[in-house]
Amino acid sequence: MLENAVASKFKDFEDAVLHEAACHAGAKYIVTRNLSDFKESKLPVFGPGEFINYIESLTIDG
């Protein structure tokens, strides 16, 4: 996992580690206030408010 973080295109190593840990754990999303730090994410990235709206839309629609 750390090898993937080092090899990633993330500018910040800690963000790369967080991303790789999320992928390894099977997370479906990343929620952060620093959206610009996760431009290279393989997972969908949401701001906190955006994520709440997304979750609420799932419960209304489905």
Side-chain angles (χ1 to χ4, degrees):
M1 182 173 71
L2 292 178
E3 294 86 2
N4 292 345
V6 170
S8 74
K9 295 181 181 180
F10 281 83
K11 293 180 182 178
D12 184 273
F13 180 67
E14 292 172 354
D15 292 337
V17 170
L18 186 145
H19 177 265
E20 291 302 321
C23 290
H24 183 75
K28 294 184 180 183
Y29 317 102
I30 292 178
V31 180
T32 180
R33 290 187 189 128
N34 298 318
L35 297 171
S36 63
D37 290 350
F38 289 87
K39 290 178 183 174
E40 302 296 330
S41 179
K42 298 173 193 169
L43 300 171
V45 179
F46 294 94
E50 183 183 18
F51 186 69
I52 289 170
N53 291 337
Y54 174 73
I55 293 299
E56 286 176 345
S57 75
L58 292 178
T59 58
I60 291 170
D61 295 337

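Sequence positions, counted from 1, serve as the residue numbers for this chain. Below, each value reflects all heavy atoms present in this structure, side chains not excepted, and no hydrogens, waters or symmetry copies.
One distance of note links CG of Asp12 with CG of Asp37; it measures 6.5 Å at 0.5 Å rounding.
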Just list the side-chain donor-acceptor pairs under 3.5 Å for residues 41-50, sequence neighbours left out, or say none.
{"unit_1": "Ser41", "atom_1": "OG", "unit_2": "His19", "atom_2": "NE2", "d": "3.4"}
{"unit_1": "Ser41", "atom_1": "OG", "unit_2": "Leu43", "atom_2": "N", "d": "3.0"}
{"unit_1": "Ser41", "atom_1": "OG", "unit_2": "Leu43", "atom_2": "O", "d": "2.8"}
{"unit_1": "Glu50", "atom_1": "OE1", "unit_2": "Gly47", "atom_2": "N", "d": "3.2"}

Let me have the donor-acceptor pairs involving side chains of residues 23-36, under 3.5 Å, with sequence neighbours excluded, atom names and distances please.
{"unit_1": "Tyr29", "atom_1": "OH", "unit_2": "Tyr54", "atom_2": "OH", "d": "3.3"}
{"unit_1": "Thr32", "atom_1": "OG1", "unit_2": "Asn34", "atom_2": "N", "d": "3.0"}

If you look only at distance, which donor and acceptor atoms sit under 3.5 Å apart when one is on a side chain in residues 1-11 and the other is two or more places apart or in another chain?
{"unit_1": "Glu3", "atom_1": "OE1", "unit_2": "Met1", "atom_2": "N", "d": "3.4"}
{"unit_1": "Ser8", "atom_1": "OG", "unit_2": "Ala5", "atom_2": "O", "d": "2.8"}
{"unit_1": "Ser8", "atom_1": "OG", "unit_2": "Phe10", "atom_2": "N", "d": "3.4"}

